[in-house]
Protein chains: 2
Amino acid sequence: MAVTIKDVAKAAGVSVASVSRALNGRDNVTDETRHRILDVATKLRYRPNDAARSLITKRTQTIGAVLPDLHGEFFSELIRGIDVAARAQGLHLLVSSSHGDVDEATAAIRAMQGRVDGLLVMSPHVDASFLHESLPEALPAVLMNAPQDHSRFPTLNLDNHGGAVAMTRHLLGRGHRRIAMIGGPAGNLDADERRRGWLDALGEASLARDALLLDGDFSEESGYAAGKRIVALAQRPDAVFAANDMMAVGCLIALVESGVRVPDDVALAGFDDVPIARYVTPQLTTVRVRIADLGRAAFNRLIAELESPGSLPARTEILPCEIVVRASSGDA
Amino acid sequence: MAVTIKDVAKAAGVSVASVSRALNGRDNVTDETRHRILDVATKLRYRPNDAARSLITKRTQTIGAVLPDLHGEFFSELIRGIDVAARAQGLHLLVSSSHGDVDEATAAIRAMQGRVDGLLVMSPHVDASFLHESLPEALPAVLMNAPQDHSRFPTLNLDNHGGAVAMTRHLLGRGHRRIAMIGGPAGNLDADERRRGWLDALGEASLARDALLLDGDFSEESGYAAGKRIVALAQRPDAVFAANDMMAVGCLIALVESGVRVPDDVALAGFDDVPIARYVTPQLTTVRVRIADLGRAAFNRLIAELESPGSLPARTEILPCEIVVRASSGDA
DNA sequence: CCGCATCATGTAAACGTTTACATCACATGA
DNA sequence: TCATGTGATGTAAACGTTTACATGATGCGG
């Protein structure tokens with residue numbers, strides 16, 4: 001029923017080959033015939049069948065994004081960044097998000113096989129190396145926030161460690177000595193790196209020995225719970241560094257509820273710089289991660305890989321973070 | 001290079017037809033041969049070629065989502081809702097977002113043709129009817145937040161009008177009489193409906209005559225600007241109803257900066273119930289829209305359409321909103 | 001034991017492209 | 001004038017499936 005290349009060929013009085021050539025901008029077609037063909041094609045509202053085209057070219061003009069169960073702003077920034085970049089290249093974007101664990105992500109990748117020309121994978125799971133192994137050999141892929149242990153794929157990571165070090169140093173610089181951390185979920189790479197950075201910076205100041213680490217899972221609730229625990233502590237920390245902003249916000253609410261003043265009694269810092277960080281009172285000191293940049297960089301890397309496969313070494317790139325000092329760490 | 005159905009057939013000692021039948025769960029295959037085929041297939045790591053399959057079946061197992069330039073939470077909630085629902089059905093999700101105007105959206109739809117079995121389209125543009133006309137006849141589609149003027153597609157809308165009426169009544173009930181609105185961008189359907197609801201509710205109270213409408217465009221900055229204008233007003237309103245939360249937040253910041261107390265001097269309300277609404281001080285009274293529900297409902301509608309085309313009438317459904325009273329409207 | 005229905009399996013066409021190769025017209029140079 | 005090169009166009013194979021139809025075996029009633 002739909003109009004095919006044959007219909008166009010017939011109507012234009014040429015062969016299908018010529019139509020194909022004209023439409024794909026090959027140079028071995030007379031300008032005159034090309035024009036005639038193009039005219040007919042638009043007149044007939046011809047649209048090439050993508051499936052047929054993919055079948056023979058083995059290209060889908062689509063890239064896939066496999067993402068973990070990210071929340072809110074992070075997620076939208078990332079997807080939007082990738083989407084815009086993809087559209088600029090005339091590529092489509094197939095997404096599969098909210099994968100809680102490596103198994104789900106692996107399944108998603110498997111399902112995308114054959115539907116995409118390349119893959120953008122974010123899997124902040126420490127056991128993600130297994131996932132990398134299960135990525136098909138032939139499919140170009142770029143990893144984000146992935147463990148960089150001998151992966152055969154280009155990888156882009158945030159400088160979680162560096163950011164955490166910088167923030168901890170900032171708090172030390174403000175004169176704080178007992179700097180507690182609310183950690184992220186177990187098995188999460190970002191959380192691990194941030195914790196490590198905090199510890200390292202404390203170590204520099206010879207304060208690592210009695211460092212206080214509270215459990216958290218990146219949720220606001222877990223931050224709130226941690227805040228309540230802090231309030232109940234015999235000896236309160238001077239400062240609390242939450243492994244992400246939402247936990248910092250939860251903690252802030254808990255502290256305020258209990259009459260603990262921020263930053264006067266306890267300084268507070270987060271990580272991510274989500275929009276909310278600027279709207280809480282006091283505004284939250286945090287580490288800014290340029291998530292849109294991450295998405296864009298990963299996409300560009302993938303494009304490079306698509307255009308000349310194997311040309312780039314599969315090295316790991318680290319995107320810097322910067323600390324953003326606001327009132328919650330005693331800005332004034 | 002990749003293993004095809006022929007390889008499986010050869011290895012299993014059967015014809016390609018039998019392999020196809022076995023893999024697709026047809027019943028006209030002996031259990032014994034089916035097992036053998038399945039065994040061979042997994043052993044060979046066979047994966048059907050989607051392009052070839054699509055070519056003949058005319059199905060892509062993919063649905064497309066065409067979205068406007070939504071921001072943050074809205075966007076992620078929606079995509080995530082659709083994604084989860086799609087994956088549950090074994091469908092893939094092709095997204096194309098951040099379309100500022102109808103032309104971009106139309107282009108996106110055109111590009112998706114042939115790649116998707118159905119379309120979810122959100123286009124809160126008042127001139128979207130043109131877009132509907134350009135949707136291909138054959139492609140099932142469900143519209144969200146669309147003008148419902150004789151569209152031939154099922155449409156799901158939020159009850160913007162009802163929500164605005166309810167909120168305005170709430171403010172009136174609190175004793176406010178001069179209730180200003182910060183409006184949304186021109187040509188935006190949601191903004192229009194919210195404004196209309198506000199005016200209607202004022203009309204009920206015979207207060208529509210000197211209603212004060214301030215310009216805005218849904219951005220925080222425009223809310224801030226409106227707030228500054230309000231501060232400068234000779235006769236300030238008792239209450240401000242912003243057409244969305246981000247403008248309400250911007251306005252709040254402007255008011256606080258100028259020493260205007262909320263809600264004591266001026267009550268404030270927003271629309272959307274984005275997460276930030278709960279974190280500002282005072283917490284923001286707003287209208288909750290269940291965006292995830294909208295996505296899910298639209299998706300289910302689309303699935304129904306896919307399974308039995310034309311069975312459902314293309315009627316418009318309105319999803320209710322509920323008002324959430326918090327401190328900014330004088331909760332205490 | 002024959003004719004017939006039933007049912008598993010095989011054969012081959014079809015889906016709509018791209019592209020290697022063949023063909024053909026024409027210009028060029030000797 | 002003829003061989004040869006060039007460049008546009010046509011022919012047909014190939015891509016990897018699904019499926020209508022053909023085939024052949026098997027079981028059954030008469």
Side-chain angles (χ1 to χ4, degrees), chain A residues 1-41 44-62 90 92 111 113-117 136 138, chain B residues 1-41 44-62 90 92 111 113-117 136 138:
Chain A
M1 24 222 66
V3 30
T4 78
I5 197 173
K6 287 187 193 167
D7 301 320
V8 178
K10 201 171 298 177
V14 295
S15 73
V16 292
S18 293
V19 178
S20 175
R21 284 190 275 255
L23 261 47
N24 292 315
R26 297 260 181 290
D27 52 352
N28 47 358
V29 185
T30 325
D31 274 359
E32 192 260 324
T33 37
R34 180 190 307 272
H35 267 90
R36 184 156 34 100
I37 290 171
L38 260 41
D39 277 1
V40 172
L44 261 43
R45 295 172 161 278
Y46 168 68
R47 243 203 120 269
N49 180 308
D50 292 308
R53 187 174 275 184
S54 293
L55 179 57
I56 190 117
T57 61
K58 309 216 167 299
R59 279 295 202 126
T60 61
Q61 309 295 353
T62 304
H92 292 262
Q113 256 199 74
R115 305 188 162 269
V116 298
D117 295 337
Chain B
M1 27 226 71
V3 31
T4 78
I5 197 171
K6 286 186 193 166
D7 302 321
V8 177
K10 200 171 299 177
V14 295
S15 73
V16 293
S18 293
V19 177
S20 175
R21 283 189 276 254
L23 260 49
N24 291 316
R26 297 260 181 291
D27 50 353
N28 47 0
V29 186
T30 325
D31 275 359
E32 193 260 322
T33 36
R34 159 163 304 143
H35 266 90
R36 183 156 35 102
I37 291 171
L38 260 43
D39 276 2
V40 172
L44 259 46
R45 294 174 161 280
Y46 167 68
R47 242 201 119 275
N49 180 308
D50 293 307
R53 187 175 274 183
S54 292
L55 179 56
I56 189 118
T57 60
K58 309 213 167 302
R59 280 294 201 124
T60 61
Q61 309 296 354
T62 304
H92 293 262
Q113 254 198 77
R115 303 186 165 270
V116 297
D117 295 335

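A, B, ... follow the sequence lines: proteins, then strands. Residue 1 opens every chain. As the structure is a prediction and not an experimental result, all values here were calculated from the model.
A close approach under 4.0 Å does not occur between any side-chain nitrogen or oxygen of A/Arg26 and OP1 or OP2 of D/dA8. Side-chain nitrogen and oxygen atoms of A/Ser18 include at least one within less than 4.0 Å of the OP1 or OP2 phosphate oxygen of D/dG10. Distances shown here put a side-chain N or O of B/Arg53 below 4.0 Å from the OP1 or OP2 atom of D/dT18. Applying the 4.0 Å criterion to OP1 and OP2 of C/dT17, one finds that A/Thr57 has every side-chain N and O outside that range. Contact check, B/Arg21 against C/dG10: no side-chain N or O comes under 4.0 Å of OP1 or OP2. Contact check, B/Ser15 against C/dG10: a side-chain N or O comes under 4.0 Å of OP1 or OP2.
The distance between atom CG of A/Asp7 and atom C1' of C/dG16, rounded to the nearest whole Å, is 11 Å. If you take CZ of B/Arg36 and P of C/dT9, they are 8 Å apart, rounded to a whole angstrom. Whole-Å rounding puts the A/Ile5 CD1 to D/dT11 P distance at 14 Å. One can place NZ of A/Lys6 at 12 Å from P of D/dA12, the figure rounded to the nearest angstrom. Remark: C1' of C/dT17 and NZ of B/Lys58 are 12 Å apart, rounded to the nearest angstrom. When the P atom of D/dT17 is taken as reference, atom CG of B/Leu23 falls 9 Å away, rounded to whole Å. Per the geometry, CZ belonging to A/Arg115 stands 13 Å off P belonging to D/dT17, to the nearest Å. The distance from atom CG of B/Asn24 to atom C1' of D/dT17 is 9 Å, rounded to the nearest whole Å.
Listed nucleotides C/dG16, D/dG10, C/dT9 differ in distance to B/Val29; the shortest reach to its side chain belongs to C/dT9. Closest contact between the side chain of B/Leu55 and the listed nucleotides C/dT17, D/dT19, C/dC15 involves C/dC15.
Within 4.0 Å (heavy atoms only), B/Ser20 reaches at least one base atom of the nucleic acid. Residue A/Asn49 is classed as a sugar-phosphate contact, given heavy-atom separations below 4.0 Å to backbone atoms only. Using a 4.0 Å heavy-atom cutoff across all strands shown, B/Arg59 reaches no nucleic acid atom at all. Residue contacts for B/Arg34: at a heavy-atom cut-off of 4.0 Å it reaches no nucleic acid atom on any strand shown. Here A/Asp50 lies out of heavy-atom contact (under 4.0 Å) with every strand.
A pairwise comparison of heavy atoms in A/Arg34 and A/Arg21 identifies NH1-O, 4.3 Å as the closest pair. The minimum heavy-atom distance between A/Leu44 and A/Val3, with the atom names listed, is O-CG1, 3.4 Å.
The residue among B/Ile56 and A/Thr33 whose nearest nucleotide of DNA chain D lies closer to the 5′ end is A/Thr33. Along DNA chain D, the nucleotide nearest A/Ala52 and the nucleotide nearest B/Val19 are compared for position; the residue whose nucleotide lies closer to the 5' end is A/Ala52. Both A/Ala51 and B/Asn28 sit near DNA chain C, but only B/Asn28 has its closest nucleotide nearer the 5' end.
When side chains are defined from C-beta on, B/Arg115 counts as touching A/Thr62, because their heavy atoms get closer than 4.5 Å. In this structure, the side chains of B/Arg26 and B/Leu23 stay at 4.5 Å or more apart for every pair of heavy atoms. Between A/Val40 and A/His35 the shortest side-chain heavy-atom distance does not fall below 4.5 Å.
For the atom pair OG1 of A/Thr30 and CD1 of A/Ile37, the computed distance is 9.0 Å after rounding to the nearest 0.5 Å.
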